[in-house]
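First up is the structure itself, then whatever we jot down about it.
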Amino acid sequence: MDKKYMERYWHTSSHILAQAVKKLFPDVKLGTGPAIENGFYYDFYREEPFTPDDIEKISKGMEDIIRQNLPVEKISVSKDEAKKILKDEPFKLEILEGIKEETVTFYRQGDFIDLCEGPHISSTGEIKHFKILSTAASYWRGDETRESMQRIYGVSFPEKAQLDQYLKFLEEAKERDHRTLGPKLDLFSIHPEFGSGLIYWHPKGSIVRKIIEDFWKDVHIKNGYQIVYTPHIADLSLWERSGHTGFYKENMFTPMEMGNKVFQLKPMNCPFHIIIYNTKLRSYRDFPIRWAELGTVYRYEKQGVLHGLLRVRGFTQDDAHIFCTEEQIEEEVVKVLDLVSFFLGKFGFTEYKTFLSTRPEKYVGSPDGWEKATIALENALKKKEMGYEIDPGEGVFYGPKIDIKIRDCLKREWQCSTIQVDFNIPERFALKYTDKDGSFKTPILIHRAILGSIERFFGVLIEHYKGNFPFWLAPEQIRVLPISERHLPYAEKIGGLLEPHFRIQIDTRNEKINRKIRDAEEEKVPYIIIIGDKEEEKNTIALRKHGEGMLGTFTTDEIIRKLKECQ
RNA sequence: GCCCGUGUAGCUCAGUGGUAGAGCAGCGCAUUCGUAAUGCGCGGGUCGGCGGUUCAAAUCCGCCCAUGGGCUCCA
């Protein structure tokens, strides 16, 4: 599918949508209607939201417009003329005011005309198959102080098969949704009545988490990090010192009063690592200092943004802080990027997007420091030959950063890895070290997370693998199924041999073998061992792989050797 | 936080003003089985919460809570 063509295609589709809406509801005011990654939307201003009935009518209206096969015509007019055309479209007029050029373009199809840069396809008849997918509210220009618009989403394709395929993709995505799969596979649960956005890790999910965390710690220690542990709460004064009570107040849980003290649940780990740093005078010889912690933080997120494991109120960051000199930034960032690609690759993610965010309007630190740090980050990205996009002015106020985003099943992007230079905290906590010449200097502080949050990463993992975790991560790796109760002792003997090497279960239920196989398959256990008279006689086992079926008959030693390679 | 939709058994859902339902799961009994659901039986619910309308509310109305899709925000 030609990307440029589909953009025009969807753009015209959105105009057809707008035309249908205008015809049915002449009082509706037009907002904007662009093509998006998968389809299109149009924003309308209307007091009443669109009902499912309205959507049905709009859909019919669109079919009419398509059937009429109206030519799409580009018209260039002066700004003054444009104002006249748009006299009843306040939102369009607002857009017009923002346009610098003296001549603007409109696109017309039949009796519908819209201020639009284009490009479009040549006639409405080219839109063959479309579907209105959903409606939602949105703020005009994304500004929550502005009008609330009614947004209608849709998708369209030249071929019916393409539309069907896309709708199938949406179905498939639903099946992969970690919010359904997680509880179904007994991995985790959420209990809104006892606090929304808080995750309960069940035994099976916890095993996966333990494997991830143990692996994470080992790799970090091998890569020159030291592990630290810090408290979950601290006196409010710590957060005043760090500045969080100012710039992060919105996201912090309300402080707790205990006697004459006030405690704050931590939204970040950094101030704690700083406290450790300040317990003694550091030397340039100590650098780089790399402290890592799987630190659980709590952030008060607005109700509407919570989303399964991907956006929660309590989560564990795979956090680390690197203290170094300005000259060491680049090398340290290269090392972090190495770790990022190692970890993400290990978990099966090879596609991700990298962003470099530069200095925003409001910032702390010196422009010179920002400049140097930003260049160091950029050089590191170049050295690693990582493609990246620059987000100008999107940096946090305290320093430039690199963000790496991976995609969930619905192609939503979620930030995992982040590498941030911080000019704020070293200043506020008066961090220092003794340099070669004996003078005191302020170190550079780099915050970084690779998986981001264990919860979010787990959610993305579930969707990525559709719950079929690779062998080394699977909560239950092998299930032994005796054909009848008679074979239970032999199954237990085999289980005993496998137990020291793998996470196994024996299905001792009084059920038919078909049922046991079905359940093991549905629970996505990677390997199934089946034991009956034949196996018992020859002292072998029958091996079946999840999703693939029978692999054959083997001895226990063979299985142990074979599967240990997959660990 | 904002807009719309949704909330009934552990799960998936039916039930539009008149005695709360199904399938799956759970429990009991029978069955001892060869590669994706054995049969029979039994329990199980303040119908999200609070208030209102009504002789009567799962059903109509209001508020609150939660959740879904978006917006804004973000690890």
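None of the values given here were measured: they were computed from a predicted structure. Here is how names work: the chains are called A, B, and so on, in the same order as the sequence lines, proteins then strands, and each is numbered from 1.
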Separation of atom [atom1] in [X] from atom [atom2] in [N], rounded to whole Å:
X         : N       : atom1 : atom2 : answer
Lys174(A) : rG69(B) : NZ    : C1'   : 11 Å
Arg509(A) : rA37(B) : CZ    : P     : 13 Å
Lys266(A) : rA75(B) : NZ    : C1'   : 14 Å
Phe315(A) : rC74(B) : CZ    : C1'   : 8 Å
Arg151(A) : rG69(B) : CZ    : P     : 15 Å
Lys302(A) : rA75(B) : NZ    : P     : 15 Å
Ile132(A) : rG70(B) : CD1   : C1'   : 16 Å
Glu147(A) : rU72(B) : CD    : P     : 15 Å

Is there a donor and acceptor pair, one atom on the side chain of Arg311(A) and one on the base of rC73(B), closer than 3.5 Å?
-> yes
Ignoring hydrogens and angles, answer whether the base of rA37(B) and the side-chain atoms of Arg518(A) contain a donor-acceptor pair closer than 3.5 Å.
-> yes
Students often get this wrong, so: under 4.0 angstrom with heavy atoms, is [X] touching a base, only sugar-phosphate, or nothing?
X         : result
Lys534(A) : base
Glu521(A) : base
Val312(A) : base
Glu535(A) : base
Ile530(A) : base
Asp143(A) : nothing
Ser138(A) : sugar-phosphate
Glu301(A) : base
Glu511(A) : base
Gly142(A) : sugar-phosphate
Arg544(A) : base
Ala520(A) : nothing

Closest contact, heavy atoms only, Pro271(A) versus Trp239(A) | CG-CZ3, 3.5 Å
Whole-Å [atom1] distance, [N] and [M]:
N       : M       : atom1 : answer
rA58(B) : rG21(B) : C1'   : 12 Å
rA37(B) : rG5(B)  : C1'   : 35 Å
rG17(B) : rC13(B) : P     : 23 Å
rU19(B) : rU38(B) : P     : 38 Å

Do the side chain of Lys516(A) and the main chain of Pro482(A) share a donor and acceptor less than 3.5 angstrom apart?
-> yes
Tyr153(A) vs Thr418(A), nearer the 5' end of RNA chain B by closest nucleotide = Tyr153(A)
Which sits closer to the 5' end of RNA chain B, Arg486(A) or Cys416(A), going by the nucleotide each is nearest to?
-> Arg486(A)
Between Asp403(A) and Thr354(A), does a side-chain contact (heavy atoms from CB on, under 4.5 Å) hold up when you go through it step by step?
-> CA-CA 6 Å; Asp403(A) 286 331; Thr354(A) 307; over 6 Å; no
Quick one: which of Arg479(A), Arg518(A), Lys184(A) gives a side-chain contact (heavy atoms from CB on, under 4.5 Å) with Glu523(A)?
-> Arg479(A)
In the structure shown, which nucleotide is the Watson-Crick or G-U wobble counterpart of rG43(B), with both distances under 3.5 Å?
-> none
Could you check which nucleotide pairs with rC71(B) in any of the strands shown, counting Watson-Crick or G-U wobble with both distances under 3.5 Å?
-> rG1(B)
Got a list of protein N/O to nucleotides 2-12 of chain B N/O distances below 3.5 Å?
| from | atom 1 | to | atom 2 | distance (Å) |
| --- | --- | --- | --- | --- |
| rC2(B) | O4' | Tyr139(A) | OH | 3.3 |
| rC2(B) | N1 | Tyr139(A) | OH | 3.4 |
| rC2(B) | O2 | Tyr139(A) | OH | 3.2 |

